[in-house]
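This one's a predicted model, so the numbers in the text were calculated from it and none came from an experiment. For reference, positions follow the sequence shown, starting with 1.
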Amino acid sequence: MEKVFKVSGMMCSHCEKRVEKAVSAIDGVSAVKADSANGTCSVTFENAGESDIKKAITDAGYTVE
């Protein structure tokens with residue numbers, strides 16, 4: 001399954017990498033691509049909950065809308 005999350009607070013490539021690292025650490029996530037210009041994070045996952053993904057983004061210091 002692939003889902004695009006709207007993320008606010010990302011300003012640069014460092015922010016993108018921080019979000020990607022946090023989300024990719026979740027079991028069941030196979031691909032992550034954060035885009036600060038569009039304020040999005042595309043996640044491909046199986047057996048991972050959307051709430052876990054949102055929590056990882058929030059814990060990294062960003063807001064999921």
Side-chain angles (χ1 to χ4, degrees):
M1 167 183 229
E2 183 174 353
K3 181 166 175 89
V4 177
F5 296 87
K6 183 76 174 156
V7 180
S8 60
M10 291 189 298
M11 304 286 196
C12 62
S13 62
H14 175 74
C15 296
E16 294 171 351
K17 297 298 181 203
R18 187 171 174 166
V19 169
E20 290 170 357
K21 182 178 179 182
V23 175
S24 65
I26 300 170
D27 287 338
V29 171
S30 57
V32 183
K33 179 62 179 150
D35 184 341
S36 60
N38 293 324
T40 59
C41 182
S42 300
V43 183
T44 304
F45 60 97
E46 280 187 41
N47 303 322
E50 288 184 30
S51 61
D52 294 330
I53 295 168
K54 290 178 181 179
K55 182 176 182 335
I57 294 169
T58 302
D59 288 350
Y62 304 94
T63 304
V64 181
E65 297 174 12

For this session: Indicate if Val32 and Met1 have the same hydrophobic cluster label, given that clusters are the connected sets of ILVMFWY residues with side-chain heavy-atom separations under 4.5 angstrom.
Result: yes

Problem set entry | Close side-chain approach of Thr58 to Val64, heavy-atom, < 4.5 Å | yes

Problem set entry | Contact check, side chains of Phe45 and Ile26, non-hydrogen atoms, under 4.5 Å | no

Exercise. Between SG of Cys41 and NZ of Lys54, what distance do you get to the nearest 0.5 Å?
Worked result: 12.5 Å

Problem set entry | Reported CD-to-OG distance for the pair Glu16 and Ser36, which is rounded to 0.5 angstrom | 3.5 Å

Problem set entry | Audit row: Glu65, Ser8, side chain to side chain contact (heavy atoms under 4.5 Å, CB included) steps and yes/no | CA-CA 7 Å; Glu65 297 174 12; Ser8 60; 3.1 Å; yes

Exercise. Under the 3.5 angstrom rule, does the side chain of Ser30 hit a backbone N or O of Thr44 as a donor-acceptor pair?
Worked result: yes

For this session: Return the minimal non-hydrogen interatomic distance between Phe5 and Glu50, and the atom names on each side.
Result: CZ-CG, 4.2 Å

Seminar exercise, completed: Between Ala34 and Glu20 the two heavy atoms that sit nearest each other are N-OE2, 2.9 Å

For this session: Report, as yes or no, whether the 6.0 Å neighbourhood of atom CG on Asp27 holds more than 12 heavy atoms from other residues, nucleotides or ligands.
Result: no

Problem set entry | Under the side chain to side chain donor-acceptor pair (under 3.5 Å) test, residues paired with Asn38 that sit two or more places apart | Asp35

